[in-house]
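One structure is given below, encoded as structure tokens.
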Amino acid sequence: MICEIISVGTELLLGEIANTDAQYISKGLAELGIFCYYHSVCGDNPARLNETLRIARGRADIIITTGGLGPTADDLTKETIAAAFGRKLYTDEAQLERLKIRMSGRPMTSNNLKQADLPEGCTVLENDWGTAPGCAIEWEEGKHLIMLPGPPSECRPMFDHRARPYLMALSDSVIYSTYIRIYGMGESAVEDKLSFLMNSLENPTAAPYAKDGECEVRVTARAKTEEEAKAMCAPVVEQIREILGDVIYGIDVGSIEEALSMVMKEKKLTVATAESCTAGLVAKRITDIAGASEYFNMGVVTYSNEAKMKLLGVSEETLKAHGAVSPETAAEMARGIRLLSGADIGISVTGIAGPGGGTPEKPVGLYYAGVSTAEGEEVISRSFRTTRQRIRHSAASAAIDLARRAAEKL
Ligand code: ATP
Ligand code: MG
């Protein structure tokens, strides 16, 4: 099945908003194994929407539209589509009732009522997240058009809970995907290591993706039932685990900090943070996970050399001989916070986030992340020139991943 997304809205063409609806839907389609060949964007103009529909129906089996289902004069998607596919609009009594209940207390104008008008013969997609229902029509055998509302807070759940089941029912097989999350190995290195395996696979398939400075491998199987598809993915995931080893921080986990949370809770360990260039980002990300108080002990931001010495016991000689951005300082910071806090694991970050402050020996983007346990200290370094925000994000990820690895070994 080939799908085309038509996003309707003049504000998209004016550059006022980005087409995040299409992005979200496309991702969902990929997970369902439905190919999306084109995204079209068209203003709130019936003639141009007609033309866009004409092109799309010539090259797609499924058309998904977003936007223009609301009550205002520029919301013309439903009317235009109904006319283009030769369907009359009727007032859906059940939707009218729902609308009245949702609007109760607020004045109902005739343009509000038009949201309950739907094309004859459609499947109604009830909207529990807003007022305008969506709908689907089969315009000819095996060819479907689905209309979804524009606001992302409605479009996304409408796609997940209404369009997705509708699309899944069109096929007699299900698609199941599992995500292997990787930190510390780039997409091309992962691809290189897995190419032999990936080339030999047909169902399931495996494909790596770069994501926010990390990498993930999606393993997808198609089968009659979800259990069957899951069972087909499992041995491939195991094989990939064996090939890639401990750069894999989790399967179907949301983030490195979530993976850290899992291992810390399981092993009943505690962690504390000492940060320089990330200034609290590591602590923030660790505590973004609900329940972090079980294992997050404390965090300090030591920006100046003086603070590093006073709070963490970093020695003056180390700072003089190697500088604040050095593996020696990172190790002493991690050890210092571990001893100060009494936590099982201390982690640290020191680096040059830029844009200024770099030197030829210590360029912008260079950072050290350290970890300390009763077994000793370990420091890693990375250097890549990018924005201040990305450097800090990357440095924080490195520290959190060090904590995760250390916890796994304890
Ligand atoms: P409403 O009932 O709010 O009028 P609607 O279905 O008629 O919903 P639109 O009027 O087209 O949708 O868009 C409403 C708002 O939703 C836009 O102003 C914009 O903020 C957001 N929106 C619309 N389309 C998109 C899109 N493709 N991607 C992201 N946001 C969108
Ligand atoms: Mg609108």
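The first residue in the sequence is number 1, and the count goes up from there. Below, each value reflects all heavy atoms present in this structure, side chains not excepted, and no hydrogens, waters or symmetry copies. One-based numbering, in listed order, for ligands and for the atoms of each.
- The shortest N or O to N or O distance between Leu12 and ligand 1 is not below 3.5 Å.
- A side-chain N or O of Tyr24 and one of Asp160 form a donor-acceptor pair less than 3.5 Å apart.
- By the 3.5 Å distance cut-off applied to N or O atoms, Thr72 is not counted among the residues near ligand 1.
- Contact detail for Ala229 and Ala223: the closest heavy-atom pair is N-CB, 3.6 Å.
- Shown in contact with Ala18 at under 4.0 Å from a heavy atom are these atoms of ligand 1, numbered in order with element: 28 (N), 29 (C).
- The shortest N/O to N/O separation between Pro152 and ligand 1 does not fall below 3.5 Å.
- The distance from the NE2 atom of His144 to the SG atom of Cys122 is 13.5 Å, given to the nearest 0.5 Å.
- Asp75 contributes OD1 as its N, O or S atom closest to the Mg ion (ligand 2).
- Residue Glu11 has at least one heavy-atom neighbour below 4.0 Å for each of these atoms of ligand 1: 13 (O), 17 (C), 18 (O), 19 (C).
- For Asp21, a nitrogen or oxygen atom sits less than 3.5 Å from a nitrogen or oxygen atom of ligand 1, counting backbone and side chain alike.
- Each of the following atoms of ligand 1 lies closer than 4.0 Å to a heavy atom of Thr20: 28 (N), 29 (C).
- Atoms of ligand 1 found under 4.0 Å from any heavy atom of Pro151 (numbered from 1 in listed order, with element): 3 (O), 5 (P), 6 (O), 8 (O), 12 (O), 14 (C), 16 (O), 21 (C).
- Interface atoms of ligand 1 facing Val8, defined by a heavy-atom separation under 4.0 Å, are 11 (O).
- Atom CG of Asp21 and atom SG of Cys155 lie 3.5 Å apart (nearest 0.5 Å).
- Under 3.5 Å, the side chains of Gln95 and Glu126 contain a donor-acceptor pair of N or O atoms.
- Between Gly134 and Met158 the shortest heavy-atom distance is N-CE, 3.6 Å.
- Geometrically, ligand 1 and Gly68 share a nitrogen or oxygen pair separated by less than 3.5 Å.
- In terms of N/O distances under 3.5 Å, ligand 1 is approached by Gly150.
- The contact set between ligand 1 and Thr66, taken as ligand atoms under 4.0 Å from a residue heavy atom, comprises 27 (N).
- Taking each heavy atom of Asn50 and Ala84 in turn, the nearest pair found is OD1-CB, 3.4 Å.
- Counting atoms of ligand 1 from 1 in the listed order, those under 4.0 Å from a heavy atom of Pro149 are 6 (O).
- Geometrically, ligand 1 and Asp75 share a nitrogen or oxygen pair separated by less than 3.5 Å.
- In this structure, a donor-acceptor pair under 3.5 Å is absent between the side chains of His39 and Ser7.
- Numbered from 1 in the order shown, with element, the atoms of ligand 1 that lie under 4.0 Å from a heavy atom of Asn19 read 26 (C), 27 (N), 28 (N).
- Using the six-membered ring where Trp is involved, Phe85 and Trp139 have ring planes that are tilted, between 30° and 60° apart.
- For the pair Glu275 (side chain) and Ala283 (backbone), a donor-acceptor distance under 3.5 Å is present.
- The main-chain N or O of Thr270 is found under 3.5 Å from a side-chain atom of Asp344 such that the two form a donor-acceptor pair.
- When only interatomic distances are considered, the shortest N/O to N/O separation between Leu69 and ligand 1 falls below 3.5 Å.
- Protein heavy atom nearest atom 19 (C) of ligand 1, with residue, atom name and distance: Ile17 CD1, 3.5 Å.
- With hydrogens and angles left out, the side-chain atoms of Arg285 and Ser397 include a donor and acceptor closer than 3.5 Å.
- The nearest heavy-atom contact from the protein to atom 1 (P) of ligand 1 is Gly70 CA, 3.9 Å.
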